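First the structure, in the form of structure tokens, and then the observations on it.
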Amino acid sequence: MKMKKYLTWGGIVLAVYLIYVVVSLAMTPPVSELKDKKFNMTIQVKDWQGNYHPLVVGPKNRYWTPLSQIPSEMKWAVILAEDASFYKHEGIDVKAIKEAIKYDLEKQSFARGASTITQQVAKNLFLSREKTLTRKAKELYLAKRMEQELTKGRIIELYLNVIELGPLVHGIGHGARYYFGKSPANLTPRECAFLAAMLPGPRVAYNPYKNLGKVLKRSNMILGLLAKKGVLSEAEYRTALAQSPNVGRMQRKVDMSIKEVEVMANHTSATLPEQPLSQEEMNAQEPKPGAPEGAAPQSAPEPAQEPAPPASPPAAQEEKQ
């Protein structure tokens with residue numbers, strides 16, 4: 001009698017849960033709207049301090065990059081590193097899901113997600129980042145709908161324009177300028193592999209400011225995958241492998257942030273006793289003839305910085321969430 005009661009309540013709970021999932025899916029924007037290349041939508045992205053910010057997905061975003069302006073090396077770098085079966089599956093990689101379930105059961109946690117690129121687009125555009133069965137169910141449904149409504153080219157275009165590559169750096173257009181100071185169309189194979197290598201964890205694990213060696217090692221592996229796939233010739237592969245990514249821009253940003261911290265740390269409320277000015281200092285403070293009263297003394301211009309050497313990166317593959 002008790003068993004029958006438990007089964008009845010279990011069935012009711014399951015029915016309510018399924019109704020909730022169906023209703024929440026019905027409230028998501030129609031996937032078919034994404035077919036329009038002029039379509040714009042605003043999503044919320046979280047910065048590295050946990051705060052949310054709006055991000056426009058579409059041509060109204062100044063960093064938006066159409067697929068035609070993205071090098072094939074960039075497209076293939078992310079496909080081979082993140083979802084090698086992208087052109088074979090219909091939004092869901094059943095084999096990868098089975099392996100992920102087995103792994104998660106062994107670890108007793110959601111350690112591996114087995115998300116395809118299509119699933120990641122669905123999650124980024126319509127869902128939260130919480131790791132729950134409900135979110136995963138929604139993700140699978142939306143991925144199937146996307147594969148029915150959109151071309152593979154459109155899906156990879158959306159993916160490359162929303163991926164996270166740094167602190168509030170989303171999309172290949174922003175990432176190419178942030179790290180290399182150039183448009184995506186001008187990225188070298190080495191730079192493409194470098195950006196693709198960051199995708200599993202740009203905040204910590206594959207953050208080039210913290211783990212540059214790890215990013216370089218993974219990007220070397222991705223270059224190998226591009227050569228094996230035939231995207232790069234043997235000569236192009238060797239050339240890219242011999243290049244070093246231009247980390248000068250990154251290092252300057254790191255040095256600048258450290259300098260800012262030091263300047264702030266030197267601020268103090270203590271007041272030092274005033275020292276009498278030397279004659280030379282007093283002369284320096286006197287306004288020059290013809291200068292407006294109260295004008296600040298002019299200092300010698302700083303020498304211009306030398307341009308940083310050209311950049312380039314490497315490749316590898318890791319688990320996806």
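Hydrogens, waters and symmetry mates play no part in the numbers below; they use all other heavy atoms, side chains included. The model shown is predicted, which means the values in this text are computed figures rather than measured ones.
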Rounded at 0.5 Å granularity, tell me how far [atom1] in [X] sits from [atom2] in [Y].
X    : Y    : atom1 : atom2 : result
T65  : I172 : OG1   : CD1   : 7.5 Å
L168 : Y178 : CG    : OH    : 9.5 Å
E234 : T239 : CD    : OG1   : 10.0 Å
Q243 : L223 : CD    : CG    : 9.0 Å
L55  : E164 : CG    : CD    : 10.5 Å
K75  : L80  : NZ    : CG    : 10.5 Å

**Request:** Give every residue pair that meets the salt bridge (Lys or Arg N to Asp or Glu O under 4.0 Å) criterion with at least one member in residues 54-63, sequence neighbours excluded.
**Result:** none

Exercise: identify the closest heavy-atom pair between [X] and [Y]:
X    : Y    : answer
L195 : G175 : CD2-O, 4.3 Å
I92  : Q119 : CA-OE1, 4.1 Å
G91  : A143 : O-CB, 3.8 Å
M41  : L34  : SD-CD2, 4.0 Å
P54  : T42  : CB-CG2, 3.8 Å
N161 : Y63  : OD1-O, 4.1 Å

Give a yes or no on whether [X] and [Y] share a hydrophobic cluster (residues Ile, Leu, Val, Met, Phe, Trp, Tyr; joining criterion: side-chain heavy atoms under 4.5 Å apart).
X    : Y    : answer
I155 : F126 : yes
W64  : V56  : no
Y209 : Y206 : yes
V169 : W48  : no

**Prompt:** Can you check whether I79's main-chain N or O pairs, donor with acceptor, with E82's side chain at less than 3.5 Å?
**Reply:** no

**Item:** Flag, side chain of N211 to backbone of A205, donor-acceptor distance under 3.5 Å
**Value:** yes

Any side-chain donor paired with an acceptor under 3.5 Å for [X] and [Y]?
X    : Y    : answer
N61  : H170 : no
T118 : E147 : yes
S183 : Q69  : no
K35  : T151 : no

**Prompt:** Can K152 be said to sit on top of F86's aromatic six-ring, NZ or CZ under 6.0 Å from centre and within 45° of the ring axis?
**Reply:** yes

**Prompt:** Does atom OH of Y52 have more than 12 heavy-atom neighbours, drawn from other residues, nucleotides or ligands, at distances under 6.0 Å?
**Reply:**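 12 or below, so no.
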
**Request:** For E90, look at atom CD and say whether over 12 heavy atoms of other residues, nucleotides or ligands are found less than 6.0 Å away.
**Result:**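 Open: at most 12 neighbouring heavy atoms sit under 6.0 Å from CD of E90.
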
[X] vs [Y] side-chain heavy atoms within contact, under 4.5 Å:
X    : Y    : answer
E139 : K136 : yes
L142 : L125 : no
R177 : P184 : yes
Q120 : T116 : no
M198 : N207 : no

**Message:** In this structure, is the centre-to-centre distance between the rings of W76 and Y87 below 6.0 Å?
**Reply:**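 Centroid distance Y87-W76: below 6.0 Å, so yes.
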
